[in-house]
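Quick caveat: nothing in here was measured; it's all calculated off a predicted structure.
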Amino acid sequence: MAGPALTPREGDELPPLRIPVTRTLIVSGALASRDFQDVHHDAEAAREKGSPDIFMNILTTNGLVGRYITTWAGPRAVLRKVAIRLGAPNYPGDTMALSGRVTAVTPPPAGAPGSEGATVEVAVRGANRLGAHVTGTVTVTLLAAGPGEGEAA
């Protein structure tokens, strides 16, 4: 039986991911998450409320953090918890640079299914030109590769 393709250790750094923040990303993320607040799609309304432009909503940020972790952990990873806090807004034209560091690795509990691997806690940070846009912790469980996945024959 194949084991998890990823064997992280505490202190491991995840590869960075740079995401261009476009108007399309901001508006489509807000619409996809059913967040119709005008500050996420109407630049004039955002300015009237004190913002220089539209800005990304937390649900889009949450999704991008999840994408960052599952891209690193693989398609069979299961997100268990995403706990984030927003800081500086993401505006159109920014680039959000995501980074992460493994802060804990817990082996599967006794009696866990054979496909279940370690549970990993990752500290994440997403920064733009203004500073930290998002900080937080993500907990993910790694699963063993299925038939035809992972190890080469």
Side-chain angles (χ1 to χ4, degrees), residues 4-8 10 12-106 108 112-113 115-150:
L6 188 65
T7 53
E10 191 172 325
D12 285 354
E13 297 287 333
L14 277 62
L17 175 64
R18 295 177 60 79
I19 299 173
V21 179
T22 64
R23 286 185 184 284
T24 301
L25 176 61
I26 293 169
V27 173
S28 62
L31 291 174
S33 60
R34 301 178 59 91
D35 183 346
F36 304 117
Q37 292 202 28
D38 54 9
V39 294
H40 303 306
H41 64 85
D42 184 333
E44 184 177 325
R47 282 190 291 276
E48 288 172 3
K49 293 179 179 173
S51 179
D53 207 336
I54 63 172
F55 54 91
M56 186 176 286
N57 73 350
I58 192 169
L59 296 172
T60 302
T61 299
N62 195 69
L64 292 172
V65 167
R67 168 191 161 202
Y68 175 59
I69 297 298
T70 57
T71 297
W72 166 75
R76 296 180 47 82
V78 177
L79 291 175
R80 300 292 185 190
K81 181 179 180 183
V82 178
I84 61 172
R85 176 178 292 234
L86 290 183
N90 264 343
Y91 293 116
D94 285 343
T95 296
M96 181 171 61
L98 287 163
S99 60
R101 184 177 47 79
V102 175
T103 57
V105 179
T106 305
S115 63
E116 187 171 320
T119 296
V120 181
E121 184 176 281
V122 180
V124 295
R125 182 176 192 270
N128 61 33
R129 64 187 165 81
L130 299 173
H133 168 68
V134 62
T135 55
T137 304
V138 178
T139 305
V140 60
T141 298
L142 308 177
L143 301 179
E149 298 176 339

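Under the rule for a ring pair (Phe, Tyr, Trp, His ring centres under 6.0 Å), the partners of His40 that lie at least two apart in sequence or sit in another chain are Phe55. A search for side chain to side chain donor-acceptor pair (under 3.5 Å) contacts involving Ser33 returns Asn57, not counting sequence neighbours. Applying the salt bridge (Lys or Arg N to Asp or Glu O under 4.0 Å) rule to Lys49 yields the partners Asp38; only residues at least two apart in sequence or on another chain are considered. For the side chain to side chain donor-acceptor pair (under 3.5 Å) test, residues two or more places apart in sequence or in another chain that qualify with Arg80 are Thr141.
Between the side chain of Tyr68 and the main chain of Gly100, a donor-acceptor pair closer than 3.5 Å is present. In terms of modelled atom types and a separation under 3.5 Å, the side chain of His133 and the main chain of Ala127 share no donor-acceptor contact.
Using a 4.5 Å heavy-atom cutoff, the side chains of Val134 and Val124 are not in contact. Side-chain atoms of Val21 and Ile26, non-hydrogen and from C-beta on, do get closer than 4.5 Å to each other.
Here the closest heavy-atom approach between residue Val120 and residue Pro8 is recorded as CG2-CG, 3.6 Å. When all heavy atoms of Thr95 and Arg18 are compared, the pair lying nearest together is CG2-NH2, 3.7 Å. Contact between Leu142 and Ala77 at its shortest, heavy atoms only, is CD2-CB, 4.5 Å. Taking every heavy atom of both residues into account, Thr61 and Met56 meet most closely at OG1-SD, 3.4 Å. Of all non-hydrogen atoms in Gly117 and Pro108, the two that sit nearest each other are O-CB, 3.6 Å. Smallest separation of non-hydrogen atoms from Ile54 and Pro92: O-CD, 3.3 Å.
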Audit row: Thr60, Asp35, side-chain contact (heavy atoms from CB on, under 4.5 Å) steps and yes/no | CA-CA 10 Å; Thr60 302; Asp35 183 346; over 6 Å; no
Report the C-alpha distance between Leu14 and Val102 in whole Å, list the side-chain angles of each, state the deciding distance to 0.1 Å, and finish with yes or no for side-chain contact (heavy atoms from CB on, under 4.5 Å).
-> CA-CA 8 Å; Leu14 277 62; Val102 175; 4.1 Å; yes
Could you go step by step and tell me if Arg23 and Asp53 meet the side-chain contact (heavy atoms from CB on, under 4.5 Å) rule?
-> CA-CA 10 Å; Arg23 286 185 184 284; Asp53 207 336; 2.6 Å; yes
Take Leu79 and Val138 through the side-chain contact (heavy atoms from CB on, under 4.5 Å) test and state the conclusion after the steps.
-> CA-CA 7 Å; Leu79 291 175; Val138 178; 3.7 Å; yes
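Residues in residues 56-72 take part in no salt bridge (charged side-chain N to carboxylate O under 4.0 Å, His left out) pair, two or more places apart or across chains. Residue pairs meeting the side chain to side chain donor-acceptor pair (under 3.5 Å) criterion with at least one partner in residues 121-132, sequence neighbours excluded, are Asn90-Asn128, Asp94-Arg129, Thr103-Glu121.
Considering CD of Glu10 and OG1 of Thr106, their distance stands at 9.5 Å, rounded to 0.5 Å.
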